[in-house]
Amino acid sequence: MTFFVFDNARVFDGLNGECAEGMSVAVEGDRIREVSDRPVRLADAPRIDLAGRTLMPGLIDLHIHAYASDVDLQKVDAMGQPYRTAHAVRMLGHALDCGFTTVRDVGGGDWSLVRALGDGLIRGPRFFYGGRVISMTGGHGDFRAAHVEGDPHRHAMCSCGANNSLSVIADGVDQCLAAVREQFRRGAHMIKLMASGGVVSPTDPIWLDHYREAEIRAIVDECVARRSYATAHCHTPSAIRRCVEFGVRGIEHGTLIDAETAALVAAKGAHIVPTMSIVDALAKHGRAAKLPADILSKIEEVRVHATSGLETMRTAGVKLGFGTDLVGHVYTAQAGEFLLRRDVFSPLEILRQATSTGAEILQHQGRLGCVAADAYADLIVVDGDPLKDIGLLAADGAKLPVIMRGGEMIRNQIGYRAG
């Protein structure tokens, strides 16, 4: 059993803007043992004197795609599994070095990646995943171009990519139930469905609502039976309203939301995970990636509404998580999400989104996203005050001298002192 003690810490606990100073935090194994305003006595434990630096929970990114190895998702399957895995290794290592000690993969993540992380074969954050996204034929998870022929239900292993590495095609209640049950069989922590048109998919306009009520309710009911939850890709107000009314617990993106719909989301107690980073990255790199003209047009439609959508959510009091959705080479922009949100939210609001609210969305409140006794020892130390300058978290880990995940010391640039 390993022990650590952090002394002279200024603690942001994931919730309170008033940070206690001169605190000691003891770690035992993978958990926080004690948080005290007095020095913790723990014989022979390595001690780190933080000298007033901010100790806070590790960051949580609720929307990643570890295997999405290209900005053009139609190319991802052609890369092959070894290439996609190599991208995941690079991406997850970068996330950990930026202070993200937990991520949620909402399209493609699997048991094998969790096992590789758990066995120490690769470096990365604590990993939650939803398996393959559930998509209807011609929906946002169907990456076949319009000229490609083939029945995705008859040719699951065909080269057309209908049943691809990130999503599975399911139409009708029975197929939706079978697809959801298969993802849970494979260890999924939750389920994501495609409920509106998307930006980088080739045949679905943004305005298109996906799935019928019976299909969505069947997916939700199966998730509830598993003591889990469903989250849905939605850009438009109509898609968001339908999902929330049919019992979906979470919304991904929500970019084109209006005031009436935001009020409904708040009233239903649902949450939204905006993803500003991917909007910004696609706007900057879409042409260089040679994305088709129709996709570039959808990127622009989403971009012009992205910030006003955040303002609408904030005004309505919607519960918001922190997500990035970055794919391909733009994964390096992950920490930049903090800067993209600061025009709308205060540093405290953003910090909560990336810690305690993220833990609540994951159904791990009290265990993740907080600095408290019995919580997992997922901790970062900030060289400065992120409550005054959220940009400290946007420096790709350069302002984080200490990173700990599950009691394991990932980085310690301060050093130890005698116990």
Side-chain angles (χ1 to χ4, degrees), residues 65 67-68 70 72-78 84 105-110 130-186 188 190-223 230-236 238-243 246-248 251-253 256 291-292 294-295 297-298 301-302 325 327:
H65 299 284
Y67 288 131
D70 199 283
D72 185 348
L73 295 184
Q74 295 182 58
K75 297 179 180 178
V76 169
D77 272 16
R84 292 192 295 271
D105 190 312
V106 288
D110 55 27
R132 296 184 182 183
V133 187
I134 313 301
S135 173
M136 71 179 195
T137 298
H140 183 46
D142 189 341
F143 302 138
R144 296 172 300 164
H147 68 274
V148 174
E149 296 184 4
D151 181 348
H153 308 301
R154 291 189 178 183
H155 305 286
M157 300 304 293
C158 71
S159 61
C160 66
N163 287 276
N164 53 65
S165 56
L166 304 181
S167 55
V168 59
I169 307 303
D171 296 302
V173 169
D174 289 346
Q175 287 185 3
C176 287
L177 280 175
V180 170
R181 288 169 179 168
E182 177 64 9
Q183 301 317 302
F184 279 126
R185 184 193 71 80
R186 296 181 181 183
M190 40 69 64
I191 297 294
K192 179 185 169 189
L193 65 142
M194 301 301 196
S196 85
V199 173
V200 294
S201 41
T203 62
D204 57 328
I206 289 282
W207 51 261
L208 181 62
D209 290 339
H210 293 7
Y211 282 127
R212 299 291 181 260
E213 177 177 351
E215 293 167 311
I216 295 175
R217 288 193 182 276
I219 292 171
V220 169
D221 288 348
E222 189 65 23
C223 290
T231 192
H233 162 100
C234 297
H235 283 295
T236 63
S238 60
I240 297 168
R241 285 196 302 271
R242 294 176 74 247
C243 283
F246 300 160
V248 175
I251 301 297
E252 306 301 309
H253 314 301
L256 306 179
L291 295 177
D294 57 336
I295 289 180
S297 177
K298 290 194 285 186
E301 179 182 357
V302 170
D325 193 24
V327 295

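- Among residues two or more places apart in sequence or in another chain, the side chain to side chain contact (heavy atoms under 4.5 Å, CB included) test is passed with R217 by E213, F246.
- Residues D204 and G139 share a closest heavy-atom pair of OD2-C, 3.7 Å.
- Ring geometry for H253 against H233 counts as perpendicular: the plane angle is over 60°, on a 0 to 90° scale with 30° as the lower cut.
- When atom types are taken as modelled, the side chain of E215 and the backbone of R212 share a donor-acceptor pair closer than 3.5 angstrom.
- Using a 4.5 Å cut-off on side-chain heavy atoms (C-beta onward), V199 and H235 make contact.
- Checking side-chain atoms of R242 against main-chain N and O of Y211 turns up a donor-acceptor pair under 3.5 Å.
- In this structure, the separation between CG on L166 and NE2 on H140 is 10.0 Å, given to the nearest 0.5 Å.
- Of all heavy-atom pairs between A218 and L177, the closest is O-CD2, 3.6 Å.
- D171 and T137 share a side-chain donor-acceptor pair at under 3.5 Å.
- Here the side chains of V168 and I134 are in contact, with some heavy-atom distance below 4.5 Å.
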Q: Would you sort out whether L193 and M136 count as a side chain to side chain contact (heavy atoms under 4.5 Å, CB included), showing the intermediate values?
A: CA-CA 9 Å; L193 65 142; M136 71 179 195; over 6 Å; no
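- Between the side chains of D110 and Y67, a donor-acceptor pair is found at a separation under 3.5 Å.
- Contact of the T236 side chain with the I206 side chain is registered, since non-hydrogen atoms from C-beta on lie closer than 4.5 Å.
- One distance of note links OG of S196 with CG of D209; it measures 7.5 Å at 0.5 Å rounding.
- For the pair I251 and C243, the tightest heavy-atom approach, listed with the atom from each and the gap, is CD1-CB, 4.0 Å.
- Between W207 and S238, the closest side-chain pair of non-hydrogen atoms is not below 4.5 Å.
- When all heavy atoms of I191 and V180 are compared, the closest pair comes out as CG1-CG1, 3.9 Å.
- Taking CD1 of I240 as the start and SG of C234 as the end, the distance is 6.0 Å to the nearest 0.5 Å.
- Using a 4.5 Å heavy-atom cutoff, the side chains of N164 and S167 are in contact.
- Scanning all heavy atoms of the two residues, the minimum distance from V220 to G247 falls at CG1-O, 3.5 Å.
- Of the possible donor and acceptor atoms, none in the side chain of E252 sits under 3.5 Å from a partner among the backbone N and O of A232.
- Partners of H65 by ring pair (Phe, Tyr, Trp, His ring centres under 6.0 Å), not counting sequence neighbours, listed by chain and number: H63.
- If you check the side chains of S165 and D77, you find a donor sitting under 3.5 Å from an acceptor.
- Checking side-chain atoms of S135 against main-chain N and O of M194 turns up no donor-acceptor pair under 3.5 Å.
- Using modelled atom types, one side-chain atom of R84 and one backbone atom of V76 make a donor-acceptor pair closer than 3.5 Å.
- Within the 4.5 Å cutoff, the side chain of R132 has no heavy atoms near those of the E182 side chain.
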